[in-house]
Amino acid sequence: MNKTYEPKTFEKDIYAFWQENKLFNAYNKSDKPSFTMVMPPPNITGQLHMGHALNNTLQDILARYKRMMGHETLWLPGTDHASIATEVKITEELTANGIDKKQLGREGFLVKAFEWNDKYGNRIVEQLQQLGSSCDWDRKAFTMDENCSKAVLEAFEILYNKGLIYRGERMISWCSECLTALSDAEVEHQENDGSLWYIKYPLVEDAYKYIMVATTRPETILGDTAVAVNPTDKRYKSLIGKMIALPLTNRQIPIIADDYVDAKFGTGAVKITPSHDPNDFEIGSRHSLERIEVMDNRGKMNEKAGDYSGLDRFIARKKMVEDLNSLGLLEKIETRNNNVGVCYRCKTIVEPRVSLQWFVKMTELVKPATEAVKKGDIKFSPKRFEKIYLHWLNNIKDWCISRQLWWGHRIPAYICDKCGFTVVSKEQITEGAKCIKCSNGILIQDPDVLDTWFSSALWPFSTLGWPNKTADLAKFYPGDVLVTGYDIIFFWVARMVFSGLKFMKAKPFSTVLIHGLVRDEKGQKMSKSAGNGIDPLEIIDKYGADAFRFSLTLGIATGADQRFLSEKIDSCRNFMNKIYNAGKFVLVATESLDKDFDFTLEAHSKHFSIADKWILTKLAEVQKQVSKALDKFETGQVASLLYDFTWDTFCDWYIESSKVTINGTDIQKANATRAVLAFVYRQILTLLHPFVPYITEYIYQEIPNKTTNSIMTANYNAKIKSYKKETNNYEAVIIKLVNSLRQFRANEKIPPNNHFEVLFYSHPNGEKLIKEAMPFISKLASVKGAFSTTSSLDSQKYIQIVDVFATMFIPKSAIKNDAEELERLKKEFVYAQKELILAENKLKNEGFVAKAPKALLELEQAKIEKYTALRDKILDAIGQLEVNK
RNA sequence: GGAAGCAUAGCUCAGUUGGGAGAGCGUCUGCCUUACAAGCAGAGGGUCGGGGGUUCGAGCCCCUCUGCUUCCACCA
């Protein structure tokens, strides 16, 4: 072991040691119960960010815990081809290198894309390894690898044959930057400062008469094919059926009646543009209106836009408003906030557009997916996220799965160029094959690829070999826990659930563990554009992976967002240092022992000290609490529990106590303490290991009582005998009296190197105990303890500290003056008096006495006795002091 | 327009079956006590956002108000 904690010097080696010993691998032939998690696959464009770090730290904690609890644990890692995100990045890179994507062509582009994956796809894997992730890397999957691709084709074919995938012309959201259709989930909504333009639409029969229309999107006027009013609206009843001379065009459009229109909103008259608005599309369908598309796929006005053709949609808007104004048709402009949809990748405002796309029919798939959660087959933690999930599924529309991209799984549909006959086949059909229907045309594969989330939806079983019936599937499916952020419940979780239920006839996992976001110090979301991101790799480099992991979990409530604070990572690094130094102490304390020293507790139990028995009991308690909380996935609570136990209970109390017997003359007692010290420390390392794997393994390799090759296979829940009586005694006598003496010392400003004398007097029954406790009290309070047979010591020479269990006499020579002592006693008196009154009042309360549990009543009764005695003793002491004055 | 979350010490946050509020950091005091100054010991600091209710008893359950945050949503 190094002299100081330097994580950099050992973390890499430790990780290599784990991998060499295949400690992360899962075996499908094992008869141990399985525990399975699939990693949310990071994008191949990705660099490790705080979200990944948190997500994978939580998974690693569970994986290591379950492994140590004897489960055959599979944590299956992988990467996602991230169709749209990657294509955007590669295109950017190409453009930067002066290469035109179109000229490169589809084949050439795909070559570049796979090159990208070779180059960057593993970058994030290495970063996850630095974090300490104990994944089965031999099973690493990639959404575009052979098997996942096979699964995608299989799934597509099955759904198509069941009529659950169809192709049709629908209104979809179009990104004019990425040049592809998007699903509803891929559209984000942003609040924008917008305007509402009031425009006069003149009637054909009388140009001086008009109907007023309000719109947030004037540029779509050119695509209007009607104006709609509510059929019951008296203002407009007589106009229904009449024609309007559509401004800026020479077209005439009808005034129609539709219930959709709210007479109370705006002017009560709505322009209808079926090609550029989802609602208008619906109305248009109902009324068989013509659909005129006035924009191209890049968001520019097209040839149908007359004078405006070629202009960007927002420039056209400005110009058209000007033109309307000069025609006298613009009534007014109101400013108002409106929500616009933007592409989740590039934040470009999406354009609603009618186009021919592939869809997954959702109604049938949604049912079992909602049932599974409602029945409790799948549980969210925290539970409140179930509502979000269910709400989304209840309101879901068909899922647009085709993307006008090249990087991804190409849709396995072949369409005849003459008759449009469509063949869907998971087997590749040679391009140019004759159409079997019309035998005139040839079959051409649909050029589109699938939504990247289509392959992610299959992840829990495609990674295990589906559609083949593999041993992995048999052993590890269904999985157990899925750990993910609340931001991808829709994209991913819901789709995995219905896919699993459809294709595997079984849920993909039984628990969805949701975590929050890691925000910056001010609570802002970290983002590239805001430039407030913190690089996890820099943190690992500076503090080590363990401190970093611990800071991400310590005290964090499940599902809650957290801020990343530098003070916190500091304190976690300090904690690592504490663990490290405690290890050094254990090594020094046990280095003199023979090589064949028996470290089992049984060999030494006869010689355990009161402190030994106390710490063993405390360890047993903590061990129980840890497992209980981890089974409920409460990692934040477990981390703080272990933090407190290690630092406060073990280091500050037990290690200091252990010095008494270890440095004592009784060799059997010393060795008993050494055995307990080594045992408890080893179990602390074991309990901490899932959280801070590196440091615990590193020290485990050094300690004299290790039982396994690696801490990863150490016994997490060792059997420990509890000693209730000694534990109570240690706390009631040693801790209590030491605290009193320390307070006294601090109040009297007596420096620690002044080991003043203290005489302890206890009632006869307590003599034995006080004698046993005295060496510990003396050590912990830095005093010279001695036993007194009498309670009547000269108050001229001694001041007394009274406690229920014992009275402590301190020679006055040790302190400065009586006045301060009097103050101290008076304070104590006030406190005792207060406690007494509280307890008395409680027992006077009839309701309390009648209904409170017995234990509480006894507790209050005991308090009264205790504080009455204490009060009297203090009063006595004060009296004596005042007499002396 | 729906829904959810948060409000607890100067700061950041824990507090899961309702039984006298905790941690870390910061502040103040004293210490280089032979594992650790990235440390040890001690101290100060909170009518748990406001109001009402249920209960013998509420930070925790119910109602209401205020402030902040987030998600969902096709009102021109």
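Residue numbering restarts at 1 for every chain, and letters A, B, ... go by the order of the sequence lines. Computation of the quantities below employed the complete heavy-atom set of this structure, encompassing side-chain atoms and omitting hydrogens, waters and symmetry-equivalent molecules.
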(request) For RNA chain B, find the residues of residues 580-587 of chain A with a heavy-atom distance under 4.0 Å and give them by number; none if there aren't any. (result) A:N581, A:A582, A:K584, A:F585
(message) Can a donor-acceptor pair be found, under 3.5 Å and without considering hydrogens, that links the side chain of A:S195 to the backbone of A:I333?
(response) no
(request) Give a yes or no on whether the backbone of A:T646 and the side-chain of A:Y654 come within a donor-acceptor separation of less than 3.5 Å. (result) no
(message) Is it the case that B:C56 (base atoms only) and A:N845 (side chain only) share a donor and an acceptor within less than 3.5 Å, ignoring hydrogens and angles?
(response)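 In this structure, the two groups form no donor-acceptor pair.
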When rounded to the nearest Å, what value does the distance between [atom1] atoms of [N] and [M] take?
{"N": "B:U17", "M": "B:C72", "atom1": "P", "value": "33 Å"}
{"N": "B:U33", "M": "B:G42", "atom1": "C1'", "value": "15 Å"}
{"N": "B:G49", "M": "B:C40", "atom1": "C1'", "value": "38 Å"}
{"N": "B:C6", "M": "B:G59", "atom1": "C1'", "value": "14 Å"}
{"N": "B:U34", "M": "B:G39", "atom1": "C1'", "value": "14 Å"}
{"N": "B:G52", "M": "B:G44", "atom1": "C1'", "value": "35 Å"}
{"N": "B:U29", "M": "B:G22", "atom1": "C1'", "value": "23 Å"}

Over all strands shown, is [X] touching base, sugar-phosphate only, or nothing at heavy-atom distances under 4.0 angstrom?
{"X": "A:P752", "value": "base"}
{"X": "A:I556", "value": "nothing"}
{"X": "A:P853", "value": "base"}

(request) For RNA chain B, list all stems, counting runs of three or more consecutive pairs where every pair is Watson-Crick or G-U wobble with both distances under 3.5 Å. (result) B:1-7 with B:66-72, B:10-13 with B:22-25, B:27-31 with B:39-43, B:49-53 with B:61-65
(request) Choose from B:A73, B:C36, B:U55 the nucleotide whose nearest atom is closest to any side-chain atom of A:E656. (result) B:C36
(request) Would you please name every residue forming a side chain to side chain donor-acceptor pair (under 3.5 Å) with A:E634, sequence neighbours left out? (result) none
(request) Please collect all salt bridge (Lys or Arg N to Asp or Glu O under 4.0 Å) contacts where either partner lies in residues 210-220 of chain A, sequence neighbours excluded, each pair once. (result)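 Those involving residues 210-220 of chain A are A:R217-A:E219, A:R217-A:E351, A:E219-A:R317.
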(message) Heavy-atom nearest nucleotide on RNA chain B for A:R336 versus A:V187: which residue maps closer to 5'?
(response) A:V187
(message) Parallel, tilted or perpendicular: which one describes the rings of A:F756 and A:F744, with boundaries at 30° and 60°?
(response)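 Perpendicular.
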(request) Please determine, by modelled atom types, if A:N739 and A:K736 share a side-chain donor-acceptor pair under 3.5 angstrom. (result)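 No pair is found: no donor N or O on one side chain lies under 3.5 Å from an acceptor on the other.
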(request) May I ask you to check whether A:N230 and A:T232 show a side-chain donor-acceptor distance below 3.5 Å? (result) yes
Restricting to nitrogen or oxygen on both sides, can you table the protein-nucleotides 5-11 of chain B pairs closer than 3.5 Å?
none

N/O donor to acceptor pairs below 3.5 angstrom from side-chain atoms of residues 541-563 of chain A, sequence neighbours left out:
| residue | atom | partner | partner atom | Å |
| --- | --- | --- | --- | --- |
| A:D541 | OD1 | A:K8 | NZ | 3.2 |
| A:Y543 | OH | A:D570 | OD1 | 3.2 |
| A:D546 | OD1 | A:Y694 | N | 3.2 |
| A:D546 | OD2 | A:Y694 | N | 3.4 |
| A:D546 | OD2 | A:I695 | N | 2.7 |
| A:R549 | NE | A:F691 | O | 2.9 |
| A:R549 | NH1 | A:D60 | OD2 | 2.8 |
| A:R549 | NH1 | A:L131 | O | 3.0 |
| A:R549 | NH2 | A:D60 | OD2 | 2.9 |
| A:R549 | NH2 | A:P690 | O | 2.9 |
| A:S551 | OG | A:F548 | O | 2.8 |
| A:T553 | OG1 | A:R549 | O | 3.2 |
| A:T553 | OG1 | A:F550 | O | 3.2 |
| A:D561 | OD1 | A:Y486 | OH | 3.0 |
| A:D561 | OD1 | A:L517 | N | 2.8 |
| A:D561 | OD2 | A:Y486 | OH | 3.0 |
| A:D561 | OD2 | A:R519 | NE | 2.9 |
| A:D561 | OD2 | A:R519 | NH2 | 3.0 |
| A:Q562 | NE2 | A:L552 | O | 3.1 |
| A:R563 | NH1 | A:E521 | O | 3.4 |

(request) Rounded to the nearest 0.5 Å, what's the gap from NE2 on A:H276 to OG1 on A:T220? Could you check? (result)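 Between A:H276 NE2 and A:T220 OG1, I get 7.5 Å after rounding to 0.5 Å.
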